[in-house]
Enquirer: 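Before I ask anything, here is the structure I am working with.
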Amino acid sequence: MTDSSITGAPERSVPLPEPTEADDVLELEPTIDGEDFSRVAFTRPALEMLQLLIERNGPLMFHQSGGCCDGSSPMCYPEGDFITGDSDVRMGHGEVPMPDGSTSPLDFWMSSEQFAYWRHTHLTIDLVPGRGGGFSLESPEGKRFLTRSRMLEG
């Protein structure tokens, strides 16, 4: 392995472990007709960032689109700031518990084209160091939301 401080090449990142149900502290309720299982959950670090962002911005929403670069990141917006339509699938809804005992609504959306590829997976939204994508609210915090997935059982 090459020393990146000498070559200027980026250090190789350590692969993240496969997410497990133990990582999921906030499961979103199913919103797809006929489904009775959760497709999306958030880890504790992601939940703590959500609480901070809700305090600053009010209710939030996520959109996971297809594509490359920032287009494949889970993007966090103030609720309603990203316009969804017939080409989007609402994958889950939840109530984010706030430190004062209240809750704040949260919807998770994905483009229907991307959903066709990911329909057999459960998504775990985590928080890791690094710059978030484009207009995602966590970006100025030096952190970014990251989607990890595992196959749905059954």
Enquirer: Taking all non-hydrogen atoms of both residues into account, name the closest pair between Ser136 and Pro74 and its distance.
Expert: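 What the structure gives for the nearest pair is OG-O, 3.9 Å.
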Enquirer: Is there a side-chain contact between Glu55 and Pro99 (heavy atoms, below 4.5 Å)?
Expert: yes
Enquirer: Which value, rounded to the nearest 0.5 Å, describes the distance between Glu35 atom CD and Met91 atom CE?
Expert: 8.5 Å
Enquirer: Are Leu137 and Pro78 side-chain neighbours, meaning at least one heavy-atom pair lies under 4.5 Å?
Expert: yes
Enquirer: Which atom names give the shortest non-hydrogen contact between Leu60 and Leu106, and what distance separates them?
Expert: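 Between these two residues, the closest heavy atoms are O-CD1, 3.5 Å.
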Enquirer: Could you note down all residue pairs passing salt bridge (charged side-chain N to carboxylate O under 4.0 Å, His left out) where residues 81-104 supplies at least one of them, sequence neighbours left out?
Expert: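 Pairs touching residues 81-104 that pass the test: Arg90-Asp107.
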Enquirer: Rounded at 0.5 Å granularity, tell me how far NE2 in His122 sits from CG in Leu152.
Expert: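 So the gap between those two atoms works out to 7.5 Å.
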Enquirer: I want to check something: taking the side chain as every heavy atom from C-beta on, are Arg144 and Ser139 in contact at a cut-off of under 4.5 Å?
Expert: no
Enquirer: Using a strict 4.0 Å threshold on nitrogen-to-oxygen distance, state whether Asp24 and Arg150 make a salt bridge.
Expert: yes
Enquirer: Should Phe82 and Met61 be marked as a side chain to side chain contact (heavy atoms under 4.5 Å, CB included) after you check the CA-CA gap, both sets of side-chain angles, and the distance that decides it?
Expert: CA-CA 8 Å; Phe82 185 91; Met61 66 181 291; 4.0 Å; yes
Enquirer: How long is the straight-line distance from OG of Ser87 back to CH2 of Trp109, given to the nearest 0.5 Å?
Expert: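 Going from CH2 on Trp109 over to OG on Ser87, the span is 10.0 Å.
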Enquirer: Check whether more than 12 heavy atoms from other residues, nucleotides or ligands sit under 6.0 Å from atom CD of Glu113, and answer yes or no.
Expert: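 Not buried by this count: 12 neighbours or fewer within 6.0 Å.
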Enquirer: Please round to the nearest 0.5 Å and tell me the distance separating atom CD1 of Ile54 and atom CE of Met98.
Expert: 5.0 Å
Enquirer: Before giving the answer on side chain to side chain contact (heavy atoms under 4.5 Å, CB included), spell out for Leu123 and Met110 the whole-Å C-alpha distance, their side-chain angles and the decisive distance to 0.1 Å.
Expert: CA-CA 11 Å; Leu123 307 180; Met110 178 182 281; 3.6 Å; yes
Enquirer: Closest approach of Thr31 and Gly92, non-hydrogen atoms and distance?
Expert: OG1-N, 3.1 Å
Enquirer: I need the Tyr117 OH to Ser112 OG distance, nearest 0.5 Å.
Expert: 11.5 Å
Enquirer: So for atom CZ, which belongs to Phe37, do other residues, nucleotides or ligands contribute more than 12 heavy atoms lying within a distance under 6.0 Å?
Expert: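 More than 12 within 6.0 Å, yes.
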Enquirer: Quick check: closest heavy atoms across Glu138 and Cys76, and the distance to 0.1 Å?
Expert: OE1-CB, 4.1 Å
Enquirer: Tell me whether the count of non-hydrogen atoms from other residues, nucleotides or ligands lying under 6.0 Å of CD in Glu29 goes above 12.
Expert: no
Enquirer: Using a 3.5 Å distance criterion without hydrogens, assess whether the side chain of Arg39 forms a donor-acceptor pair with backbone atoms of Ile32.
Expert: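 Side chain of Arg39 to backbone of Ile32: no pair is present.
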Enquirer: Taking the side chain as every heavy atom from C-beta outward, state whether Gln51 and Val96 have any atom pair closer than 4.5 Å.
Expert: yes
Enquirer: Between the side chain of Ser149 and the main-chain N/O of Thr121, is any donor-acceptor distance below 3.5 Å?
Expert: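 Not at all, since once roles are kept as given, no pair shorter than 3.5 Å links the two residues.
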Enquirer: Looking at Pro97 and Thr103, what are the two nearest heavy atoms and their distance?
Expert: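 Nearest pair, atom of Pro97 first, then Thr103: CA-CG2, 4.3 Å.
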Enquirer: Do the non-hydrogen side-chain atoms of Leu52 and Glu141 ever get within less than 4.5 Å of each other?
Expert: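 Side-chain contact under 4.5 Å: yes.
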Enquirer: Relative to each other, are the rings of Phe42 and Phe145 parallel, tilted or perpendicular (30° and 60° limits)?
Expert: perpendicular
Enquirer: Quick one: does Thr124's side chain get under 4.5 Å of Thr43's, heavy atoms only?
Expert: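 They are in contact (side-chain heavy atoms under 4.5 Å apart), so the answer is yes.
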Enquirer: Do Asp23 and Arg148 sit within salt-bridge range, that is, some charged N less than 4.0 Å from a carboxylate O?
Expert: yes
Enquirer: From Tyr77 OH over to Thr84 OG1, what is the distance, rounded to the nearest 0.5 angstrom?
Expert: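 Rounded to the nearest 0.5 Å, the OH-OG1 separation comes to 11.5 Å.
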Enquirer: Could you tell me whether the side chain of Phe62 reaches within less than 4.5 Å of the side chain of Val40, counting heavy atoms only?
Expert: no
Enquirer: Any side-chain heavy atom of Trp118 within less than 4.5 Å of one from Gln64?
Expert: yes
Enquirer: Taking all non-hydrogen atoms of both residues into account, name the closest pair between Asp36 and Pro30 and its distance.
Expert: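 Heavy-atom minimum between the residues: C-CG, 3.9 Å.
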Enquirer: Could Glu48 and Lys143 be called an ion pair, given the rule that one side-chain N must be under 4.0 Å from one carboxylate O?
Expert: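 Answer for the salt bridge query: no.
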